[in-house]
Enquirer: 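Before I ask anything, here is the structure I am working with.
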Amino acid sequence: MSDRAVLAVEDLTVTIGTRRGPARAVAGVDWSVRAGETLALVGESGSGKSMSVLAATGLAPRSARVTGRVHLLGTELTGLPGEDRRRMRGRHVGFVFQDPMTSLNPVLTVGRQVTEAGEEHLGLTRRAARARAVELLDLVGIPSPAERVDAYPHQFSGGMRQRVVIAMALACEPDLLIADEPTTALDVTTQAQIVELVADLQRRLGTAVVWITHDLGVVAGIADTVAVMYAGRILEQGPVDAVFTNPSHPYTTALLAARPDPDGGGDELVTIQGSPPSPLDLPAGCAFWPRCPVRGAARCEHELPPLVPVAADHHVRTFYPHHTDGGVPT
Amino acid sequence: MSERVTRLRALVRQAGAQRSAGMSTSREPDEVVAELDDLTVWFPTPAGMVRAVDGVSLQVRRGETLGLVGESGSGKSTTGLALLRLVDPTSGGVRVAGQDVTRWSRRRLRALRRRVAMVFQDPHASLDPRRTIGASIAEPLIVHRLTDRGAARRHRVEELLDMVGLRRDLADRHPHELSGGQRQRVGIARALAGEPDLIVLDEPIASLDLSVQAQIMNLLRRLQRELGLTYLFIAHDLAAVEHMSDRMAVMYLGRIVESGTPAQIWREPAHPYTAALLSAVPVADPRIERQRRRIILSGDIPSPVDPPAGCRFRTRCPQARPDCASTDPVLAEVGPEHRAACLFAGDAVRAMRTP
Amino acid sequence: MSERQRVDHQLTATTTSSGGGDGQLRRALSALRHDPLALTGSAVLALLVVVGLAGSWLAPSGVNDVDVDRMLQPPSWSHPFGTDELGRDVLSRVLVAARVSLQVGLVSVGIALVVGVTLGLFAGYYRGWLDNVLMRCMDVLFAFPVLLLAVAIVAVLGPGLTTAMIAIGVVYTPIFARVTRAGVLSVREQVFVRAAVSIGASDLRIMRRHVLPNIAAPLIVQTSLSLAFAILSEAALSFLGLGVQPPAPAWGRMLYDGRGFVTEAWWLGVFPGAAIFLTVLAFNLVGDALRDVLDPRQLTVSEARRNS
């Protein structure tokens, strides 16, 4: 594990122009991921978790305005011309998206698709590309890869398709793998297979992984560090053990408690009232304030809490890091 | 698990217990509201006959929640649809409120659908985008002529909105103006409108955000307590089914492979598939995640066009033995109210769990 | 909340429209207001309606005021569009004929709409043998060239305004049946239709309350485009002498009558021709603009263009 960040994002802000005015999707986000490490970005829909990664890698929609600094392997990406940035991304970053069916082209064999990026970025010949495709399919655990290399995506099951997508992402031996809800569309037993596969590949290849998910259980299993996002900001960030055993933001605590606990029993689940705010109309102060069980002081409404440390590397954006269970601050 | 999380849960649990104290629903404990008897549902496709449901028997009793858990392709949703006769049974029987509805005509079925209501997975897709919330909720009232038009209907719609915790003025809005959680509340209000004997909840929380899932589950529990409702809760989320159900059944490839109380299923699963499913569910605690031994199943669920002979799970079962290919196991008692369809029920799971 | 939903859609860069109820129509209308071509088309149509309603009142002279002394006069201040071979005022005849064109367009498209939508609705909703029988019949009708079919129908029923309207209506029925059926096929698979079935709603109720309103957009577009073609077909039938019978004025018939004088009296053909051209163009412009804003796929393209 090296100390240098593979991807580091500083003060990243993404504003998207809509007909109803600018929508702030991401606001002042900092995170980084090192080789061999997994960073989990957790949040609900609209929290900006995906957008922050897309913007960092230059894949934000054209209507988005992106500010901040992004370093990929020490190179500042934001200043680069589009073509150079595209080459950097193609060479060093692999992507796995949620729906394996739409990530694959239905009319090309999986072999062709797996090595398409490789042919472009590594200059492989057709024959070498095919051999490489078989190797990659074998790597991601597809049985009898030499035969399956000529099959089409529809001949694969959902889990096998996601393996093909992972093989595609690994074709250029990327330094960074970005996995955007890669198991959300899959069954739990298949999810367990894919999680196991990525963890195993990471051990063998030393890839850095950014895993975007809403599932706290998956995070607990795969992440080294975790950032909890809400309405475009990071509310809590730190090593996975610290965040899960000592959740210090009311939102994180409530999210962890909201899942049914089969060993605990009880009728009533912990809930968070209401729903997340519109990115077009964010509160002036803390965005979680209207739903927050603590909500003790008027300052939360008007003043944005800073991200403050509660332990080594463990930061939380709240004025009241020790009132997470709804107790009224004094 | 973090102390803070435990404390927060305890607080909410106390509050919930106080609220529900003294609110006991009167019910005949063993009255069967709906019943499937060796149901099979086969669909013809170009690839062959898809055996979506292949011999399922179950009973839903008044006032209880029966949970149905399974992965995609298990046939759990088709089973739910069969209770409303939204799919035609290939063989077997469907009984609702004591009447055999297996062969009912389309016209008679419309009346059945007042007795059994349904809540769908995607609350956005299940509401007509061009009709107001009020019109959607009122539809069962109109179809079954339950209220007069005008003020009475309006009043009933408002009452239903109150029940599911929505503001009354939302009646004039369109679905796209609501959040996902609000839309699912509308779906629940519509299901309540006809005062059904049974509500089939087909993945009612799967497409909602985590913080909203808990709201909807609490709402469903509260409505059940207050109105004495009967649920068939269908989901792939084992923890949610465990939380919601009084009894539950695990489905695999068109069959029920295990049934029992949630505690039995969670603590002492008897079928290898249940054990594998349990071990695949991620737990939001890094320390537990690091220590536990996963039972990773190999391969995928086989095609329902051509299910394996003998035990359907044997192709993926870590404990499959020669007998499993020749004998098709039936659901057999392994404890009080606890059944499993495995020739080596109990033993196989013990063998899987010991390294 | 609507904002949040919409922005969510844009944030995740999905391409489905979040279209809902009145919002869609309102958006469509506001989009039309900002489209200069659609505005021009609407203005021409508005003018046409005024002329159609008040044509005989606006006309400077009677349509059949024969004045042989003043025959075949070129456009002048007293006769802005000139006079024909019987000395009748061409402007007056063009103005009055607008009514016939509109009437034929509306009635024939009305027939096609009602019959076509009904057939398409039942075929698409029930599928099976009914669908097969109905749609094969539509295919047969569709296989004939439009005008040939219309001529054949008029030949059977005898020439005249009423038969022209029926003939054109029959000719355009298959298009509406197909557009409707395609819409029904996709809407009936939507979860909200299944939800209505689960409630116990009757088939007729589901078709009327849930299916039809959700396929209104393509039908509105098709209606507008069909009006243009119907008016063109009426002109063609009248040109062939199978539509409106003389001496009543009709653009197509006037075109036919002017044919013999092309070299010496160009105004006999040019003005009715221009009227046909403008009317058809206006309907097409409006129809295309409606298609752009009402078709969900087109919608996201135009929205994306505006957003970037």
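If you're wondering where the values come from, they're calculated on a predicted model, not measured in any experiment. Each chain gets a letter, A, B and so on, in the order the sequences are listed, and its residues count up from 1.
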Enquirer: Please confirm whether the backbone N or O of B/L297 pairs with a side-chain atom of A/Q193, one donor and one acceptor, at under 3.5 Å?
Expert: yes
Enquirer: Could you tell me the separation between the CD atom of B/E71 and the CG atom of A/L186, rounded to the nearest 0.5 Å?
Expert: 10.0 Å
Enquirer: At a 4.5 Å cut-off on heavy atoms, which part of B/S279 comes close to chain A: side chain, backbone, both, or neither?
Expert: neither
Enquirer: Any side-chain heavy-atom pair from B/M244 and A/P260 closer than 4.5 angstrom?
Expert: no
Enquirer: Answer yes or no: is there a side-chain heavy-atom contact under 4.5 Å between B/L277 and A/V188?
Expert: yes
Enquirer: What heavy-atom pair brings A/A192 and B/R294 nearest, and what distance separates the two atoms?
Expert: CB-CD, 4.1 Å
Enquirer: Kindly indicate whether the side chain of B/S211, heavy atoms from C-beta on, has any atom under 4.5 Å from the side chain of A/L255.
Expert: yes
Enquirer: As an exercise, state the distance from CG of B/L219 to CG of A/L269, rounded to the nearest 0.5 Å.
Expert: 12.0 Å
Enquirer: Which one of B/L210, B/V283, B/V5 satisfies the side-chain contact (heavy atoms from CB on, under 4.5 Å) criterion with A/R259?
Expert: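 Considering B/L210, B/V283, B/V5, a side-chain contact (heavy atoms from CB on, under 4.5 Å) with A/R259 is found only for B/L210.
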Enquirer: Please determine, by modelled atom types, if B/S72 and A/D187 share a side-chain donor-acceptor pair under 3.5 angstrom.
Expert: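 Yes, because at least one side-chain N or O of B/S72 sits under 3.5 Å from a partner of the opposite role on A/D187.
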Enquirer: Just by distance, no angles: are the side chains of B/R287 and A/T245 close enough, under 3.5 Å, to form a donor-acceptor pair?
Expert: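 Not at all, the side chains of B/R287 and A/T245 share no donor-acceptor pair under 3.5 Å.
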Enquirer: Where on A/V240 is there a heavy atom nearer than 4.5 Å to chain B: the side chain, the backbone, both, or neither?
Expert: both
Enquirer: Assess the residue pair B/R7 and A/T253 against the criterion (side-chain contact (heavy atoms from CB on, under 4.5 Å)); give the C-alpha distance rounded to whole Å, side-chain angles, the decisive distance to 0.1 Å, and a yes or no.
Expert: CA-CA 10 Å; B/R7 207 161 57 225; A/T253 314; over 6 Å; no
Enquirer: To the nearest 0.5 Å, tell me how far A/T189 OG1 sits from B/I296 CD1.
Expert: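 Those atoms lie 9.0 Å apart.
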Enquirer: Give the minimum heavy-atom separation between A/Q191 and B/P282, together with the two atoms involved.
Expert: NE2-CG, 3.4 Å
Enquirer: Heavy atoms only: give me the nearest A/F244-B/P286 pair and the separation to one decimal.
Expert: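 Result for this residue pair: CB-CD, 3.3 Å.
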Enquirer: Does any backbone or side-chain atom of B/Q215 lie under 4.5 Å from a heavy atom of chain A? Answer side chain, backbone, both or neither.
Expert: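 Both backbone and side chain.
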Enquirer: Find the one option among A/T252, A/V195, A/N246 whose heavy-atom pairs under 4.5 Å with chain B are most numerous.
Expert: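 Sorted descending by pairs with chain B, the first entry is A/N246.
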Enquirer: Minimum heavy-atom separation for B/A214 to A/T271, with atom names?
Expert: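 Answer, listing the atom of B/A214 first, then A/T271: C-CG2, 3.5 Å.
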